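Accompanying notes for the structure given below.
If you're wondering where the values come from, they're calculated on a predicted model, not measured in any experiment.
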Amino acid sequence: MKTIGILIALVVFSVFAPASAHAAAEGSVSLAVSIDGREIATATEADPIRLDPNGSAEVEVSVTNAGSEPVTVRRIDLSGQVVGLTFYSFGTSVNRTVLPNSTERLSYSLDLSGLSEQATGLISGSVTAYDADDNVLAGAKTVTDVRGSLNSVYGLFGLALLILTVLAIADAALTVARHRMPPNRWQRGMRMLAPGLGIGLVLVFSLSALRVWMPSPERWGIVALLFAGGFFVLGYLTPTPTTAEEEAAELEEEEAALEELDEEDSEKRTVPLDAEAPSR
């Protein structure tokens with residue numbers, strides 16, 4: 001139940017929290033980023049930024065400081081997140097100072113050879129600039145098509161989620177079949193919440209790995225909440241299970257009814273001793 005609670009809290013936080021951690025960086029510093037000559041802001045699900053672990057990426061970053069004080073860019077990170085978790089990350093140290101009302105252009109080659117072990121599929125990506133104190137200066141979002149392997153952290157995470165979901169469904173089904181659901185409707189609804197949440201998250205990871213859609217925080221959070229809410233309603237509406245006392249009473253009534261039937265059957269078969277013998 002602790003793991004279930006963590007997943008639910010993560011979903012709720014992702015849906016109702018600010019759209020991104022970069023919101024704190026809104027201000028005087030902004031980024032314009034291109035990868036392999038293409039502006040990342042133009043990427044879409046139909047035409048994402050492709051990241052191939054068999055090669056490298058040529059990254060160009062323009063850092064604009066519209067403030068009145070100089071800022072120092074310590075490093076720039078390219079990363080990808082799904083369900084609030086970072087599945088791939090590449091950091092590059094730049095240590096560049098950007099003067100007020102000026103723009104600094106940075107170019108570097110990024111080795112992507114380790115990407116195959118990290119993730120695969122359509123993933124929400126971001127490029128983030130950090131200062132000397134590791135605070136976010138600015139960020140830019142994009143859609144990335146990671147050409148990694150299913151045998152990666154991302155793929156294994158999805159597989160583990162599938163196994164846990166199957167176990168949760170089996171456990172819930174056995175509980176219902178054995179009439180062991182809680183008598184309280186809200187508790188029954190919460191009992192069915194885990195399978196629904198698991199199904200929603202498995203669907204999110206599957207569609208991402210198959211490159212059908214990109215699981216942005218808003219999308220995957222809504223999908224997970226819809227499935228979780230649907231299963232909660234299903235559990236809430238399930239019939240109230242009988243208690244142990246009620247089962248014992250029903251069993252006693254059934255036994256009494258069987259005994260009564262046996263007695264009636266016995267009386268019908270019994271022949272009175274003083275009955276006249278049939279004439280020949």
Passing option when S28 is tested against L137, N65, V98, N101 for side-chain contact (heavy atoms from CB on, under 4.5 Å):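 Considering L137, N65, V98, N101, a side-chain contact (heavy atoms from CB on, under 4.5 Å) with S28 is found only for N65.
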Heavy-atom neighbours of [X] [atom1] exceed 12 at 6.0 Å:
X    : atom1 : answer
E104 : CD    : yes
R147 : CZ    : yes
R185 : CZ    : yes

Quick check on the hydrophobic clustering: are [X] and [Y] connected, directly or via other members, by side-chain heavy-atom contacts under 4.5 Å?
X    : Y    : answer
V143 : V146 : no
L85  : M214 : no
V202 : V212 : yes
V94  : V29  : yes
L210 : F157 : yes

Distance only, no hydrogens: is a donor on one side chain within 3.5 Å (strictly under) of an acceptor on the other, for [X] and [Y]?
X    : Y    : result
R188 : T238 : yes
T92  : R75  : no
S113 : D111 : yes
T72  : T97  : yes
S79  : S89  : no
E58  : S109 : yes

Chi angles and distances behind the side chain to side chain contact (heavy atoms under 4.5 Å, CB included) call for M192, M181: CA-CA 10 Å; M192 297 295 291; M181 291 289 282; 4.1 Å; yes
Working for side chain to side chain contact (heavy atoms under 4.5 Å, CB included), residues V223 and W213: CA-CA 12 Å; V223 169; W213 75 338; 3.5 Å; yes
Lys/Arg-Asp/Glu bridge criterion (N-O < 4.0 Å) met for R180, D171: no
Closest non-hydrogen atom pair, I123 against S208: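 Distance-wise, the nearest heavy atoms are CG1-OG, 4.3 Å.
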Under 3.5 Å donor-acceptor, S124 side chain and Q81 backbone: no
Side-chain donor/acceptor of D133 to backbone N/O of N135, under 3.5 Å: no
Full working for side chain to side chain contact (heavy atoms under 4.5 Å, CB included) between T144 and Y88: CA-CA 11 Å; T144 60; Y88 72 82; 3.0 Å; yes
Plane angle bin for Y154 and F87 - parallel if under 30°, tilted between 30 and 60°, otherwise perpendicular: perpendicular
